[in-house]
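Values below: every heavy atom of this structure, side chains too, minus hydrogens, waters and symmetry copies. Read the numbers this way: they start at 1 and go in the same order the structure lists the ligands and their atoms. One-based numbering along the sequence shown.
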Amino acid sequence: VDLSVSWLGVNMENPLYNASGVMCRSREELDAVAASAAGALITKSCTLLPREGNPEPRYAKAPHGSINSMGLPNAGYQYYLDYAKAYDHQGGKPLFVSVSGMSLEDNLEMLAAFRDADLPCLVELNLSCPNLPGKPQIGYDFEASSHVLSEVVKVYHKPFGVKLPPYFDPVHFAEMASVLNSFPSLKYVTCINSVGNGLVIDLDSESVVIKPKGGLGGIGGDYVLPTALANVREFYRLLDDKHVIGCGGVKSGREAFMHILAGATAVQVGTCLYEEGAACFARIRDELAALMQQKGYATLADFRGKLKTM
Ligand SMILES: CC(C)(C)CCc1c(C(=O)O)[nH]c(=O)[nH]c1=O
């Protein structure tokens, strides 16, 4: 079977890579993903200046996934720009850079710097980045999303992508798709970011399991798979001429297959990568290949987006 995928001018030997935020904050971590069986790699969302992030514990494993309120710990955009400048872009594994400024001005300054560096890597704007105080995250504020993207495309003229939070209402899917469809240079969306502000409770200690935000944090893992698949499928259906990258609940070839069946061009691994390490990519890759073999599919295109309805 052929697991390769070519999209937006990049070629991946297989459709699997890390979710932004996991194993991608330092060059050592990024190099570990590049050295693994992953087909690509993406950096931790960066801000203008380095950030320590929230007090620990800020990540916890849960019975069927994970919870995190990391608080955007990152080395600052220059660090990832330098990594991208030194990166071997011909080495066969595309590099994506995630950007999550604390303000629109910060996002525009970082995007201008990436534009001027004129590197082969693709930029992904994290729309879960903070909005004005008292307002929901950008991705949940359709007017703000439209404004941010309008300003972004004035500064950044190359194809780019956005990381979307999960949506749960048909009207929200339609509204966000309508916003995204008005930006032709926005060429892909990554669905989904963690399911926001969940709460994991430890029964023995009768306590929360992470320190920030009174224990509230983004949920990942098995808990979010149905939501992730729905977001992939709805945006695959609603967006014009854009790719959808699947993220959420992937821990084996089975969930990777489901994401591609729902329409995903490629698939990211978060919680499972955090818990198992970079060996998960070879395992999931081989499981996906075996599943395709059993089902008689030779390539990803043979089943991509071909989810059957009743
Ligand atoms: C949640 C924000 C801190 C605003 C953005 C960074 C981020 C974080 C984080 O750094 O806490 N965790 C996630 O699961 N998704 C994210 O997009």
Side-chain angles (χ1 to χ4, degrees), residues 17-26 29-30 42-62 64-77 79-80 96-107 110 123-141 144-145 148 160-167 176 189-200 208-225 227-228 231 245-250 268-275:
Y17 59 125
N18 66 297
S20 177
V22 183
M23 202 179 284
C24 57
R25 195 171 138 205
S26 69
E29 288 182 314
L30 287 160
I42 184 167
T43 63
K44 167 65 185 174
S45 294
C46 62
T47 48
L48 203 61
L49 303 173
R51 283 173 61 89
E52 282 294 306
N54 288 334
E56 296 180 331
R58 57 197 189 182
Y59 171 96
K61 186 178 185 322
H64 301 287
S66 67
I67 184 168
N68 91 83
S69 269
M70 308 301 285
L72 263 174
N74 76 96
Y77 84 99
Y79 180 95
Y80 304 103
F96 296 82
V97 175
S98 177
V99 172
S100 182
M102 299 306 284
S103 68
L104 175 55
E105 289 68 28
D106 285 6
N107 274 320
M110 291 188 281
V123 163
E124 178 172 295
L125 180 63
N126 184 351
L127 289 187
S128 291
C129 48
N131 195 353
L132 299 172
K135 306 272 281 184
Q137 63 167 286
I138 303 277
Y140 284 157
D141 179 337
S145 290
V148 165
F160 70 105
V162 291
K163 178 72 167 282
L164 295 178
Y167 299 93
M176 195 55 181
V189 301
T190 301
C191 298
I192 58 174
N193 205 326
S194 50
V195 172
N197 297 299
L199 178 61
V200 171
V208 301
V209 298
I210 56 172
K211 186 168 185 178
K213 296 176 62 173
L216 295 186
I219 302 297
D222 299 352
Y223 301 114
V224 310
L225 179 64
T227 295
N231 278 260
I245 305 303
C247 184
V250 178
Q268 297 180 347
V269 184
T271 299
C272 174
L273 172 59
Y274 190 106
E275 293 301 326

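- Neither the backbone nor the side chain of Asn54 comes within contact range of ligand 1; no heavy atom lies under 4.0 Å.
- Remark: the Asp106 side chain and the Thr47 side chain contain no N/O donor-acceptor pair separated by less than 3.5 Å.
- For atom 12 (N) of ligand 1, the closest heavy atom belonging to the protein is Asn68 OD1, 2.9 Å.
- We find the CG-CD1 distance between Asn131 and Ile138 to be 3.5 Å, quoted to the nearest 0.5 Å.
- For Glu124 and Thr190, the side-chain atoms include at least one donor-acceptor pair closer than 3.5 Å.
- Heavy-atom distances between Ser194 and ligand 1 reach below 4.0 Å in at least one pair.
- Taking a distance limit of 4.0 Å, we find that atom 1 (C) of ligand 1 is approached by no protein heavy atom.
- The nearest protein atom to atom 4 (C) of ligand 1, hydrogens excluded, is given as Ser128 O, 3.3 Å; this is a heavy-atom distance.
- Of the N and O atoms on the side chains of Asn193 and Ser128, at least one donor lies less than 3.5 Å from an acceptor on the other residue.
- Looking only at protein heavy atoms, the nearest one to atom 15 (N) of ligand 1 is Asn193 OD1, 2.8 Å.
- A 6.0 Å sphere centred on NZ of Lys213 holds more than 12 heavy atoms belonging to other residues, nucleotides or ligands.
- The aromatic rings of Phe96 and Tyr17 sit parallel, their planes meeting at an angle under 30°, below the 60° perpendicular limit.
- For the pair Lys44 and ligand 1, a heavy-atom separation below 4.0 Å is found.
- Side-chain atoms of Asn126 and Ser98 include no donor-acceptor pair closer than 3.5 Å.
- Note: Tyr223 and His64 have perpendicular aromatic rings, judged against thresholds of 30 and 60 degrees for the angle between ring planes.
- In summary, the atoms of ligand 1 found under 4.0 Å from a heavy atom of Leu72, numbered by their order in the structure, are 3 (C), 5 (C), 6 (C), 9 (C), 10 (O), 11 (O).
- Ligand 1 has no atom lying under 4.0 Å from any heavy atom of Gly21.
- Interface atoms of ligand 1 facing Met70, defined by a heavy-atom separation under 4.0 Å, are 9 (C), 10 (O), 11 (O).
- Residue Gly71 places a heavy atom under 4.0 Å from ligand 1.
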